[in-house]
Asks: 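Questions regarding the structure given below will be posed in turn.
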Amino acid sequence: MAHTLKSPVAISMVTLFLVISPLLFVVEPNVEAALTSGEIAILANKNDPDSVAVAQHYAERRGVPAQHIIPLDLPIQETISREIYDKELMQPLRRALEDRRLAARIRVLVTTYGIPLRVTAPQPTDQQQLWIKDASARQERARNHLEKLEQSLKQLAPAEEPDATIPKKSPSPESAGSDTLLERVAKAIHEAASRLSRQQNRQQAKNDSKALVRFSIQFGGMSLLLQRLRPSQTADPERAQAELEHLRRHVASAETMFRILRENPSDTNRQRAYRLAEQVLGVQGVWNFAKWEKETYSYQEGDASLDSELSLLWWDPGKHRVAGRTPNPLYYEHSTAMNPPISLSEILPVLMVSRLDAPTPQLAMQMVDQAVKAEQDGLRGTVYLDARGMSPGPVLSYGFYDQDIRDLAGLLRRLTPYEVVLENTERRFSQPGEASDVAVYVGWYRLRSYEDAFTFNPGAIGYHIASGEAVSIHDPGEPGWCKNALEHGITATLGPTAEPFLDAFPLPSEFIGLLLTGRYTLVEAYYLTTRYISWRMVLLGDPLYNPWRRKGLVDGQVWKDGKTALPTVPSDLPLNDPIQLKQQMRQQRETALAQINRFLEQLEARSRELSR
């Protein structure tokens, strides 16, 4: 494990290979809307009496119907295999929700003391190992093709000979990578087009332009061609526009087909997918799809917190990628980030999950009791924020998060009566008694080493931004933040079960800021501000906890400094019946698969036409 939390790496992937996150309409929500106890199901390990006791305690305190407690036959351990997760948790839980007619009602799952914390990565099957081998071979062929394309483009409409006195720079080992090769070929296309624009010989320019179109289609397929096509001055405007629109529809349909093929892997569908990738995205599409397959079927970073994996309970295997992390459809910024966005009504439900767990079952029950008490009496105390004095940096960098902690301090000082203690140096709150009377804490960075400086008031909320702070909740020797903060009486916290990368943590000003409005419960504020699911983060606390429900301290209009309206309360969003929706999706899938061969033939004929 890394000794410092890893900052996210910029990802430049073709849109086709991204997980498309749906639209979350950003509007001013109905103040009266609220998540209810009837929308919650509680998971208990029937092999652990303490787990059942915590589940029953929560149901009694929050009025959750007894029918909503789901006993599961699970091992009493914090880590389980993917096979156990699928066979002994996911499938029985689905059946229980269906049998009890709760599938279309439940928005939130509560895991309790005794429910495992982590799911390990799957092992590739024999079939998947063959696919990995085939993908590696395709990737190597794509590399050779890209190298030849680069040379051909350099010879197209050649510029003046370079000065022989200028030494050629040898490529570094890094530049030999294939991602860089993609960039080089894209640059070669741009440079060839620039040279052609200056060519004097019209006939030669015409011939070279045709060659450039062929090379562009080979490299980027119809998608790249669509970006570069411009009607000629002599073309009929209406006909040219109709042709372009027809090509756009082909590309859009191909992307839908590709997604269906990718979600239903088989030998036949993989062959179809590679043909589609070549037509729509060219050799770079083949390269990227081969890379995606190798990562997907080798299950790189395929472990997850059990709770985060449960968010996709209704999604069948193959409908989301187990390897790595999945963009969270409920994350509020996906409404503006996706182009084009799709509606939440078009996808299976994404469940919100929160955990009532602690080193002892008594502490797990105490989390509920303290949440109820803070809602009744108000969350009292001091806010402690521990920044590091870093200069503001690019979005989601260390400096960005550090500045966000300072921004939260400013917001709290301007708009709430709380005393705010901001530590803005490398020093931390680390000495006993240094942070007393805590209502809220956010800080960083001491890796997996809780410092006993805090005295938490009932209802206290806090988290420490660092890797591995939720590796274990029950190991007596665990030094991380979550286990020890819970042991010292915190009511709600969150953390990673393994290296999560920095941007997996909610930004403090967003997570705490939404809670301060009084319009969102703990679980709703978390799911609106966490970017990923099927990943390594876990939320610990009563999902219904809303300490500022009676009196929101931050007006929605000034949340995020007025840059955006408040996101819709998740409980206001339509909740689809996953059983009916899956049946509809299966029918649509079968129809699409039956049409794919004919569509491929049309697409390939169109590509040959454009290459002439």
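Side chains are part of it too, since the values below use all heavy atoms of this structure and drop only hydrogens, waters and symmetry mates. In this text, all values refer to a predicted model and were calculated from it rather than measured experimentally.
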Asks: Quick one: are Gln127 and Asp267 in side-chain contact, heavy atoms under 4.5 Å?
Replies: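 Result yes, sub-4.5 Å side-chain heavy-atom pair found.
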
Asks: Tell me, yes or no, whether the heavy-atom count around Lys373 atom NZ, taken from other residues, nucleotides or ligands under 6.0 Å, exceeds 12.
Replies: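 Not buried by this count: 12 neighbours or fewer within 6.0 Å.
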
Asks: Are Phe258 and Phe289, when compared by the centres of their aromatic rings, separated by less than 6.0 Å?
Replies: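 Close enough - the centres of the two rings lie under 6.0 Å apart.
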
Asks: How far apart are the closest heavy atoms of Pro116 and Ile80, and which atoms are they?
Replies: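 Minimum heavy-atom contact is CG-CG2, 3.6 Å.
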
Asks: Under 3.5 Å, is there a donor on one side chain and an acceptor on the other for Tyr527 and Ser311?
Replies: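 Their side chains do contain a donor-acceptor pair, which is all the 3.5 Å distance test asks for.
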
Asks: Looking at Gln123, I want to see if its CD is surrounded by more than 12 non-hydrogen atoms of other residues, nucleotides or ligands under 6.0 Å.
Replies: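 Counting other residues, nucleotides and ligands, CD of Gln123 stays at 12 neighbours or fewer.
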
Asks: Supply the atom-to-atom distance Glu469 CD to Met537 CE, rounded to the nearest 0.5 angstrom.
Replies: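 Taking CD in Glu469 and CE in Met537, the distance rounds to 10.0 Å.
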
Asks: I'd like to check the salt bridge (Lys or Arg N to Asp or Glu O under 4.0 Å) partners of Lys46; sequence neighbours left out, ordered by chain and number.
Replies: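 With neighbours one apart ignored, the set is empty.
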
Asks: So how far is it from Arg586 CZ to Leu581 CG, rounded to the nearest 0.5 Å?
Replies: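 Arg586 atom CZ to Leu581 atom CG measures 10.0 Å (nearest 0.5 Å).
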
Asks: Please name the residue in the list Thr530, Leu522, Val523 that meets the side chain to side chain contact (heavy atoms under 4.5 Å, CB included) test with Tyr526.
Replies: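 With Tyr526 as partner, side chain to side chain contact (heavy atoms under 4.5 Å, CB included) holds for just one option, Thr530.
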
Asks: At their closest point, which heavy atom of Leu573 faces which heavy atom of Thr568, and how far apart are they?
Replies: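 Between these two residues, the closest heavy atoms are CD2-CG2, 4.0 Å.
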
Asks: Do Lys483 and Glu487 meet the salt-bridge criterion of a basic N to acidic O distance under 4.0 Å?
Replies: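 Yes, this pair counts.
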
Asks: Please name the pair of heavy atoms, one in Pro122 and one in Val322, separated by the smallest distance, quoted to 0.1 Å.
Replies: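 Closest heavy-atom pair between Pro122 and Val322: CD-CG1, 3.8 Å.
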
Asks: Counting only pairs under 3.5 Å, give me each side-chain donor-acceptor contact of residues 66-76, with atom names and distances, residues two or more places apart or in other chains.
Replies:
unit_1 : atom_1 : unit_2 : atom_2 : d
Gln67  : NE2    : Arg100 : O      : 3.4
His68  : ND1    : Ile40  : O      : 2.7
Asp73  : OD1    : Asn47  : ND2    : 2.7

Asks: Of all the heavy-atom pairs spanning Asn546 and Gly518, show the shortest one and how long it is.
Replies: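 For Asn546 versus Gly518, the nearest heavy atoms are ND2-O, 3.2 Å.
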
Asks: Among all residues two or more places apart in sequence or in another chain, which pass the ring-ring contact (aromatic ring centres under 6.0 Å, His included) test with Tyr463?
Replies: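 Counting only residues at least two positions away or on another chain, Tyr463 forms a ring-ring contact (aromatic ring centres under 6.0 Å, His included) with Phe511.
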
Asks: Show which side-chain atoms of residues 362-370 pair as donor or acceptor with protein atoms under 3.5 Å away, not counting sequence neighbours.
Replies:
unit_1 : atom_1 : unit_2 : atom_2 : d
Asp369 : OD1    : His57  : NE2    : 2.9
Asp369 : OD1    : Arg61  : NH1    : 2.7
Gln370 : OE1    : Thr491 : OG1    : 2.8

Asks: Residues in side chain to side chain contact (heavy atoms under 4.5 Å, CB included) with Glu83, at least two apart?
Replies: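 Partners of Glu83 under the side chain to side chain contact (heavy atoms under 4.5 Å, CB included) test: Ser81, Lys87.
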
Asks: Quick one: do Arg321 and Glu295 make a salt bridge, cutoff under 4.0 Å?
Replies: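 Looking at Arg321 and Glu295, the cut-off is met.
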
Asks: Could you tell me which non-hydrogen atom of Ala290 sits nearest to which non-hydrogen atom of Ala135, and how far apart they are?
Replies: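 Looking at all heavy atoms of both residues, the closest pair is CB-O, 3.4 Å.
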
Asks: Excluding sequence neighbours, so at least two apart, what forms ring-ring contact (aromatic ring centres under 6.0 Å, His included) with Tyr401?
Replies: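 For Tyr401 there are no ring-ring contact (aromatic ring centres under 6.0 Å, His included) partners, ignoring immediate neighbours.
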
Asks: According to salt bridge (Lys or Arg N to Asp or Glu O under 4.0 Å), who are the partners of Glu375, at least two apart in sequence or on a separate chain?
Replies: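 Partners of Glu375 under the salt bridge (Lys or Arg N to Asp or Glu O under 4.0 Å) test: Arg62, Arg549.
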
Asks: In the structure I gave you, are the side-chain heavy atoms of Leu310 and Leu43 within less than 4.5 Å of one another anywhere?
Replies: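 Yes - at least one pair of side-chain heavy atoms lies under 4.5 Å apart.
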
Asks: Which pairs count as side chain to side chain donor-acceptor pair (under 3.5 Å) when at least one residue sits in residues 105-116, sequence neighbours excluded?
Replies: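 Qualifying pairs: Glu39-Arg107, Ser51-Thr112, Thr111-Asp307, Thr111-Arg355.
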
Asks: Which heavy-atom pair separates Leu313 from Leu97 by the least distance, and what is that distance?
Replies: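 Leu313 and Leu97 have their closest heavy atoms at CD2-CD1, 3.8 Å.
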
Asks: Going by the rule salt bridge (Lys or Arg N to Asp or Glu O under 4.0 Å), which residues pair with Asp134 if we only count those two or more places apart in sequence or in a different chain?
Replies: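 Partners of Asp134 by the salt bridge (Lys or Arg N to Asp or Glu O under 4.0 Å) criterion, ordered by chain and then number, come out as Arg138, Arg270.
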
Asks: Considering residues at least two apart in sequence or located in another chain, which fulfil the salt bridge (Lys or Arg N to Asp or Glu O under 4.0 Å) criterion with Glu98?
Replies: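 Listed in chain order: nothing, the list is empty.
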
Asks: Taking only residues two or more places apart in sequence or in another chain, which ones pass ring-ring contact (aromatic ring centres under 6.0 Å, His included) with Tyr450?
Replies: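 For Tyr450 the ring-ring contact (aromatic ring centres under 6.0 Å, His included) partners, ignoring immediate neighbours, are Trp481, His488.
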
Asks: Measuring only between side-chain heavy atoms, which start at C-beta, is Leu544 closer than 4.5 Å to Leu35?
Replies: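 A side-chain contact exists here, since the closest heavy-atom pair is under 4.5 Å.
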
Asks: Does Tyr297 have any ring-ring contact (aromatic ring centres under 6.0 Å, His included) partners at least two apart in sequence or in another chain, and if so, which?
Replies: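 Partners of Tyr297 by the ring-ring contact (aromatic ring centres under 6.0 Å, His included) criterion, ordered by chain and then number, come out as Trp131.
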
Asks: For Asp316, is there an ion pair with Arg94 - N to carboxylate O distance below 4.0 angstrom?
Replies: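 Salt bridge: yes.
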
Asks: Any heavy-atom pair between the side chains of Leu593 and Asn269 that's under 4.5 Å?
Replies: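 Answer yes - side chains close enough.
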
